[in-house]
Amino acid sequence: MRLSRYFLPILRDTPKEAEIVSHRLMLRAGMIRQQSAGIYAWLPLGLRVLNKINAVIREEQNRAGAVELLMPVIQSADLWRESGRYEDYGKEMLRIKDRHEREMLFGPTNEEMITEIFRTYVRSYKDLPLNLYHIQWKFRDEVRPRFGVMRSREFLMKDAYSFDLTAEGAQHSYNKMFVAYLRTFARLGLTAIPMVADTGPIGGNLSHEFIILAPTGESDVFCHKDYLSFTPPAADVNFDDPKAMQSEVDRFTSLYSATSEKHDEAAYEALPDEAKVSARGIEVGHIFYFGTKYSEPMKAVVSGPEGKDVTVHMGSYGIGPSRLVAALIEANHDDNGIIWPDDIAPFRVGIANLKSGDAATDAACEDIYAKLTKAGVDVLYDDRDERAGAKFATMDLIGLPYQVIVGPKGLADGQVELKIRRSGEREMLSPEAVLNRLLATISPAI
RNA sequence: CGGGGUAUAGCGCAGCCUGGUAGCGCAUCUGCUUUGGGAGCAGAGGGUCGCAAGUUCGAAUCUUGCUGCCCCGACCA
């Protein structure tokens, strides 16, 4: 992408409403635009990041055997009356009426709808287990939205729903998502710690939140320090092997960890002092097993092996990609701006033409741009007629991991500069060497 | 939902107390000079001063009502 033809509304000043660093940087980098309290437009740069996060989530959901579909954002109130949640959900649910005065709602979650779909088509135990997911916008009318997309009213969520014949099967489904989540967060470069959680209005008796530690987090959390250095489940872990899944889950639930709602002061105090971690955390995922809470009232039943109807056991599994964008920035930034992980960056490489209009620098930039683009690398080529300083500042602000700096001085020696955003390291290399170096950074499919 | 703020150009702000028809910096546009870490000079464009009613010869400024937004708390897959 040529920056001169892109839409990247950078702000030099920080809008005063932005309190936390991720919100400030998302506004300054032209990623989002607030439209109303807790409601944001995603501008091109922000959308790129959101889509990259979604891609990782999809790969790991699919690997774990979940199947993607897409459900609507607007739902019928009648569906929610079946489960009894239309009355229970309260003012967080945005209720609307269509032209025929029919009661509708903007979905805060999709348990009822997925259960309706499931019960319509799935009749036999032979079709189980089944895990269906989608990535769709949700709306929860929070009393006080804040911190940009970290705590917004409209937000994107990946929500998966599992269906099993038995509680044992449901445990395996739960474990698969547990492992998939660990892998997903690890691939995003985040250390997420599973914590025993409150089940809230979703209900159920087995639930974990996945928390990443950050000073701007909204939850008080407590855990064993060793969690910070756990290695995530491997790519070739066998999701169909219940024992393998259970042992991974056991490994990640072996040490103390809890949010303040479930905190056990005595258990925590029993830890050695050097193992105690008391911090703030951001909830980036939440998984539940809730048995027949929805399948029972909504009559989601299948014929069992003995020919008798069996009410299915369900679980649901959420990740907030829009919140993850903010969480990633909270975990990856410095005074100059965002520092994206390679695979999440809106563009992996930035090319700064320090003298647009100069035949030699233009030619060198065009050549590098063309070759990287042809190799399938996302490149942002800053071909604007701007001063060098402005180009450096822009690339650092939007956090491009690799920056190729092309100017007349270097080209006189046949060299361009490669700068690594995260370390600040810079090196003068030939254009060919830079290309080889950049292509080598593209990690093979995990 | 309680408490506290705030609303003036795309962003950050001044002007309000003491009413006289709107200003600064950044950004944008033009020209010239510059050109390796957010350049300089000169000029230009851009605002129903959140909305409504009232007081007044005259309201960004005073009064009343409403609304948006932000912060603290409570709340929160």
Quick one, which residues of residues 410-421 of chain A touch RNA chain B with a heavy atom under 4.0 Å?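 When residues 410-421 of chain A is checked for heavy atoms under 4.0 Å from RNA chain B, the hits, listed by number, are Gly410(A), Glu417(A), Lys419(A).
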Could you tell me the Watson-Crick or G-U partner of [N], where both distances fall under 3.5 Å? Say none if there is no partner.
| N | value |
| --- | --- |
| U34(B) | none |
| G73(B) | C1(B) |
| U18(B) | none |
| G43(B) | C29(B) |
| U6(B) | G68(B) |
| A60(B) | none |

Donor-acceptor pair (no angle test) under 3.5 Å: [X] side chain, [N] base:
| X | N | answer |
| --- | --- | --- |
| Arg151(A) | C76(B) | yes |
| Arg28(A) | G10(B) | no |
| Arg426(A) | G37(B) | yes |

For RNA chain B, whose closest nucleotide is more 5', that of Pro15(A) or that of Asn110(A)?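 Between the two, 5'-proximity favours Pro15(A).
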Does Glu261(A) or Ile405(A) map to a spot on RNA chain B nearer the 5' end, using the closest nucleotide for each?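 The residue whose closest nucleotide sits nearer the 5' end is Ile405(A).
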Please measure how far the P atom in U8(B) lies from the corresponding atom in C32(B), and state the result in whole Å.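 These two P atoms come out 37 Å apart once rounded.
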Which whole number of Å gives the distance between the P atom of C49(B) and that of A44(B)?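 Looking at atom P only, C49(B) and A44(B) are 24 Å apart.
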Which residues pass the ring-ring contact (aromatic ring centres under 6.0 Å, His included) test with [X], not counting sequence neighbours?
| X | answer |
| --- | --- |
| Phe106(A) | Phe139(A) |
| Phe392(A) | none |
| Phe239(A) | none |
| Tyr86(A) | none |

Sequence neighbours excluded, which residues qualify as side-chain contact (heavy atoms from CB on, under 4.5 Å) partners of Val56(A)?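 Testing Val56(A) for side-chain contact (heavy atoms from CB on, under 4.5 Å), a comparison that skips the adjacent residues, returns Thr184(A), Arg187(A), Leu188(A), Ile344(A).
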Partner set under side-chain contact (heavy atoms from CB on, under 4.5 Å) for Pro9(A), not counting sequence neighbours: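 Per chain and number, Pro9(A) pairs via side-chain contact (heavy atoms from CB on, under 4.5 Å) with Phe7(A), Leu43(A).
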Please determine which of Arg144(A), Arg151(A), Arg280(A) meets the salt bridge (charged side-chain N to carboxylate O under 4.0 Å, His left out) test together with Glu218(A).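 Filter result, single survivor: Arg151(A).
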When you measure from the side chain of Ala388(A), which nucleotide among G38(B), G36(B), C75(B) comes out closest?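 Nucleotide nearest to Ala388(A)'s side chain: G36(B).
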Out of C70(B), G38(B), G37(B), whichever nucleotide has its closest atom nearest the side chain of Glu17(A):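 From the listed options, C70(B) comes nearest.
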d([atom1], [X]; [atom2], [N]) in whole Å:
| X | N | atom1 | atom2 | answer |
| --- | --- | --- | --- | --- |
| Gln34(A) | C71(B) | CD | C1' | 14 Å |
| Asp385(A) | U34(B) | CG | P | 14 Å |
| Lys16(A) | C13(B) | NZ | C1' | 9 Å |
| Leu8(A) | U28(B) | CG | P | 13 Å |

For residues 323-334 of chain A, which residue pairs qualify under salt bridge (charged side-chain N to carboxylate O under 4.0 Å, His left out), counting only residues two or more places apart or in two chains?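 As it turns out, the salt bridge (charged side-chain N to carboxylate O under 4.0 Å, His left out) pairs with a partner in residues 323-334 of chain A, which skip direct neighbours, are Asp334(A)-Arg421(A).
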Going by ring-ring contact (aromatic ring centres under 6.0 Å, His included), name the pairs with one or both residues in residues 408-441 of chain A, residues two or more places apart or in two chains.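 Qualifying pairs: none.
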Looking at Glu417(A) and Lys409(A), is any side-chain nitrogen of the basic one under 4.0 Å from a carboxylate oxygen of the acidic one?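 No, Lys409(A) and Glu417(A) are not salt-bridged.
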Any salt bridge linking Arg28(A) with Asp13(A)? Criterion: basic side-chain nitrogen under 4.0 Å from a carboxylate oxygen.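 Looking at Arg28(A) and Asp13(A), the cut-off is not met.
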Quick one: which protein N/O atoms are closer than 3.5 Å to N/O atoms of nucleotides 25-27 of chain B? Pair and distance per line, please.
from   : atom 1 : to       : atom 2 : distance (Å)
G25(B) : N2     : Asp13(A) : OD2    : 3.3
A27(B) : OP1    : Arg12(A) : NH1    : 3.4

Table please: side-chain donor-acceptor pairs of residues 428-440 of chain A below 3.5 Å, with sequence neighbours left out.
from      : atom 1 : to        : atom 2 : distance (Å)
Ser430(A) : OG     : Ala433(A) : N      : 3.1
Asn436(A) : ND2    : Glu432(A) : O      : 3.3
Arg437(A) : NH1    : Glu427(A) : OE1    : 3.4
Arg437(A) : NH2    : Glu427(A) : OE1    : 3.3
Arg437(A) : NH2    : Glu427(A) : OE2    : 3.3

Nucleotides 45-47 of chain B: which of its N/O atoms have a protein N/O under 3.5 Å away?
none

